[in-house]
2 protein chains.
Amino acid sequence: MTELDIAEVSHRAGVPASTLRYYEEKGLISSTGRRGLRRQYDPGVLERLALIALGRTAGFSLDEIAQMFAPDGRPRIDRRKLAAKADELDHRIRELGVLRDSLRHAAACPAPSHLECPTFRRLLDAAASGGVAAPGRRVPLR
Amino acid sequence: MTELDIAEVSHRAGVPASTLRYYEEKGLISSTGRRGLRRQYDPGVLERLALIALGRTAGFSLDEIAQMFAPDGRPRIDRRKLAAKADELDHRIRELGVLRDSLRHAAACPAPSHLECPTFRRLLDAAASGGVAAPGRRVPLR
DNA sequence: CATTGACCTCAAGTCGACTTGAAGTAGAAC
DNA sequence: GTTCTACTTCAAGTCGACTTGAGGTCAATG
């Protein structure tokens, strides 16, 4: 029997069983059957979970990820969506880069108060005018 | 009178009035008084809002940001915290860079299915082993 | 055959940052 | 002096991704 028990999947994928049930409810994964009450899974579910994890870190929502699987279970990833997400990431990366540099500067800046540091002020103005980033959708930090 | 009406602040800072009330409730900003019922603000609140926006985009929570103001209202930013956040950002930036490159590759990859693309598979394995990033705290995407 | 313990379901709770809705009020315009 | 309107308060709702808790079931172990 090559089937995996839910505990096995949970352990191997590093994902709580509750999450596996939740993903199943959302249609992201499916179990091949039950042994008694317990869900059994095809080993392929591990790959699928990896795909889901990947999508999450790229900033896709679970619903978006669900769209990425064809009814037959094979990934059907729209290359344009990937490219678009890559561009989005690129944008975000630049923003974060500016932010990081400014934070570093502010951390080292000799001005008595941050408000008196020109670099910090420039950053502030950018933030005020939405030049850096406005709070919006969220992506994982780590 | 140099005081600003809440509508004025809302408009100039690009922040809904409901958010201003919420921030006040959280102790992030304060109004100087009322004209009738309406909150009046010192123009300095705009700078403070910029500071808050900045903190948000850097990934600080509102509570953390609240800690960054001394009781007198002046920013009291711990330089070590800034440096730590910069390091965190740096880490995240690297991760996102890898992710972006891989997405771009996958978008252009000629393999019939992404699962057959070596680059994509490497990325998958990284995601599976937590090598890229595990979902956790959130920071603004844009 | 009885117990154990890990799984099951389903509803509800959590977290952060706000938003929304109902019901009220005061300054300003007519 | 009435009406208009933008504000006010306070409680409750929203969103996404899960987690938690109560009460139930079943394969395996002794």
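Keep in mind it's a predicted model, so treat the numbers as computed, not measured. Chain letters run A, B, ... following the sequence lines, proteins first, then strands; residues in each count from 1.
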Check: B/Glu95/A/Thr57 side-chain N/O donor and acceptor closer than 3.5 Å: no

B/Arg21 CZ - D/dA11 C1' separation (whole Å): 14 Å

A/Arg39 CZ - D/dC26 P separation (whole Å): 14 Å

Between C/dA11 (C1') and A/Glu25 (CD): distance, integer Å: 11 Å

Contact nearer the 5' end of DNA chain D, comparing A/Lys26 with B/Ala17: B/Ala17

Polar pair under 3.5 Å, donor/acceptor by atom type, side chain B/Arg38, base D/dA6: yes

Sugar-phosphate only, base, or nothing, as touched by A/Ala7 at under 4.0 Å among non-hydrogen atoms: sugar-phosphate

Nearest-nucleotide comparison on DNA chain C, the residue closer to the 5′ end among B/Leu62 and B/Leu37: B/Leu62

Value rounded to 0.5 Å, distance of CZ in B/Arg56 from CG in B/Leu62: 5.0 Å

Gap between atoms CZ and P, on B/Arg34 and C/dG27 respectively (whole Å): 12 Å

Phosphate OP1/OP2 of C/dC18 contacted by B/Tyr23 side-chain N/O (<4.0 Å): yes

Whether over 12 other heavy atoms sit under 6.0 Å from A/Arg74 CZ: no

Distance, rounded to the nearest Å, where A/Leu28 contributes CG and D/dC18 contributes C1': 13 Å

Interatomic distance where CD1 belongs to B/Ile6 and C1' belongs to D/dC7 [whole Å]: 8 Å

Interatomic distance where CD1 belongs to B/Ile52 and P belongs to C/dG16 [whole Å]: 17 Å

Gap separating the NE2 atom of A/His11 from the CG atom of A/Leu4, nearest 0.5 angstrom: 12.5 Å

Nearest to side-chain heavy atoms of A/Ser18, which nucleotide of D/dA17, D/dT20, C/dA17: D/dT20

Check ion pair B/Glu88-B/Lys81 (N to O, under 4.0 angstrom): no

Length of the OH-P vector between A/Tyr41 and C/dC8, whole Å: 7 Å

C/dA17 OP1/OP2 closer than 4.0 Å to side-chain N/O of B/Thr19: no

